[in-house]
Amino acid sequence: MVPNSAIPSLASSRAAAEAWVAANLAPHIPATRVAHLLVGNEVLSNRAIAASTWRGVVPAMANLRRALRARGLRGVKLGTTLAMDALSASYPPSAGAFRGDIAEDVVLPLLRFLNATRSYYFVDAYPYFAWAGNRDAISLDYALFQGAAGSRYVDPGNGLTYTNLLDQMLDAVVAAMGRLGYGNVRLAVSETGWPSGGDAGEAGANVRNAATYNRNLALRMSNSPGTPARPGAEVPVFLFSLYNEDRKPGPGSERHWGLYYPNGSMVYELDLTGRRSSYPPLPSADSAPAWCVLASGGGKAANETAVSAAVAYACQHGSRTCAAIQPGGACHEPDALDAHASYAFNAYWQQFRSAGGTCFFDGLAETTTEDPSHGLCKFARSLD
């Protein structure tokens with residue numbers, strides 16, 4: 001993948017493209033089978049680089065293609081990954097349409113290039129996020145490829161029947177491409193998956209659902225390729241991700257997308273061929289109350305400055321977030337940084353998690369299912 005930051009120079013200079021291929025691709029061929037070169041990651045989701053980068057994607061792809069062909073590397077297909085937010089409409093799938101700010105100026109030239117080179121439109125499609133943001137309207141089973149017959153959805157625009165959420169998302173992209181005159185451009189899923197863990201406020205992020213989604217995905221793609229709008233069409237699918245990214249910032253789910261833990265052990269068993277039908281029992285998906293506390297080892301002397309700064313940040317937000325740890329408050333004792341940090345982190349998280357607040361604090365915090373309350377000092381919990 002070409003970093004987003006490199007796109008402007010590659011778009012404006014054939015020499016830069018040749019140098020990039022020479023440094024980053026050529027040394028690994030033929031020992032490595034390189035099938036795709038992706039130019040940027042979800043570029044059109046970042047409006048801050050609209051002026052500098054968006055219109056440079058296709059010229060960069062063209063220059064890189066020339067550089068590849070000059071080296072005889074004609075089998076490498078070029079593309080770029082786009083998130084579902086490239087669409088302004090995706091429901092029903094037949095109403096799929098690209099955003100007005102990118103449709104004509106950016107996406108149309110992209111589709112023209114992909115069509116001419118027989119490459120793929122690469123989409124990052126996550127039913128987890130669509131379901132998590134619309135749980136009242138979308139059933140979990142439908143998102144996990146195991147919806148009952150009664151949960152099927154019929155698109156009123158074209159009469160096609162859907163049995164799972166991923167197919168709906170992919171066909172919305174197909175419809176959007178068709179509106180621009182390129183409904184036959186091939187489709188590939190550059191990212192999909194389900195988190196095996198997360199913060200207490202992140203419903204559905206657990207091992208049971210992650211294993212169910214990815215196992216059913218493998219079964220679905222091996223037995224019934226294509227979508228209702230494109231039955232039988234081959235759709236390459238890439239899972240996100242191989243390993244849990246245990247140091248990635250953000251909500252807890254961001255650190256739990258992998259098939260393996262960082263130490264190399266499996267999070268859950270998965271047969272990517274889709275042929276396996278029997279697996280060991282999965283853990284329950286039941287939710288339990290959770291709290292946000294200072295991470296183990298977070299109170300060591302070397303971290304005191306960082307912990308103090310994090311506590312100050314937490315206490316500056318919300319309504320009376322840290323009142324209980326002030327002198328005379330129910331949680332002032334013990335008067336120690338680690339105890340006050342746990343209370344402050346939890347009070348902040350419980351107030352703001354529904355609005356995107358996380359239990360992270362630059363790695364100083366972690367969630368726990370053990371109630372840290374003591375005596376008259378009561379910690380708010382995630383299920384309150």
Side-chain angles (χ1 to χ4, degrees), residues 1-87 98-125 173-174 176-191 234-238 240-241:
M1 178 175 283
V2 174
N4 293 359
S5 59
I7 292 175
S9 64
L10 297 176
S12 61
S13 169
R14 292 188 182 184
E18 292 166 359
W20 196 94
V21 170
N24 297 284
L25 255 185
H28 307 291
I29 296 176
T32 302
R33 184 171 66 89
V34 179
H36 310 104
L37 176 57
L38 302 178
V39 183
N41 180 47
E42 298 187 352
V43 173
L44 302 186
S45 298
N46 185 358
R47 287 177 168 79
I49 60 173
S52 64
T53 306
W54 286 4
R55 289 173 179 80
V57 172
V58 173
M61 291 167 67
N63 283 340
L64 287 165
R65 185 168 184 265
R66 292 188 189 96
L68 290 168
R69 292 170 71 86
R71 290 178 173 271
L73 304 177
R74 295 173 177 266
V76 180
K77 295 295 185 182
L78 288 107
T80 186
T81 69
L82 299 177
M84 287 298 296
D85 64 4
L87 274 61
F98 290 106
R99 299 191 329 246
D101 60 329
I102 58 174
E104 296 291 334
D105 291 344
V106 183
V107 178
L108 184 57
L110 172 63
L111 294 177
R112 190 178 296 124
F113 178 92
L114 299 177
N115 185 64
T117 60
R118 294 288 298 155
S119 189
Y120 298 87
Y121 180 105
F122 288 90
V123 59
D124 293 349
V173 175
V174 171
M177 293 192 295
R179 290 183 190 283
L180 294 181
Y182 287 93
N184 292 323
V185 169
R186 295 190 292 178
L187 193 63
V189 180
S190 43
E191 287 185 22
E234 178 184 337
V235 181
V237 178
F238 296 86
F240 185 87
S241 58

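Residue numbers start at 1 and run along the sequence shown.
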Between CG on residue L38 and OG1 on residue T81, distance to nearest 0.5 Å: 6.5 Å

Side-chain donor/acceptor of R65 to backbone N/O of L78, under 3.5 Å: no

Quick one: CG on L110 to CE on M177, what's the gap to the nearest 0.5 Å? 10.0 Å

Which residues satisfy the ring pair (Phe, Tyr, Trp, His ring centres under 6.0 Å) test with Y120, sequence neighbours excluded? H36, F122

Any pair counted as side chain to side chain donor-acceptor pair (under 3.5 Å), so long as it reaches residues 14-29, sequence neighbours left out: none

Do side-chain atoms of K77 reach the backbone of T117 as a donor and acceptor pair under 3.5 angstrom? yes

Is there a side-chain contact (heavy atoms from CB on, under 4.5 Å) between W54 and D101 once you walk through the steps? CA-CA 11 Å; W54 286 4; D101 60 329; 3.6 Å; yes

For E191, side chain to side chain donor-acceptor pair (under 3.5 Å) partners two or more places apart: Y126

For D105, is the CG atom crowded, meaning more than 12 foreign heavy atoms sit under 6.0 Å from it? yes

So, R186 side chain and R118 main chain: donor-acceptor pair closer than 3.5 Å or not? yes

In terms of heavy-atom contacts, V21 and P27 come closest through O-CD, 4.2 Å

Donor-acceptor pair, side chain of S12 and main chain of S9, under 3.5 angstrom: yes

Heavy-atom donor-acceptor pair, N63 side chain to L10 backbone, under 3.5 Å: yes

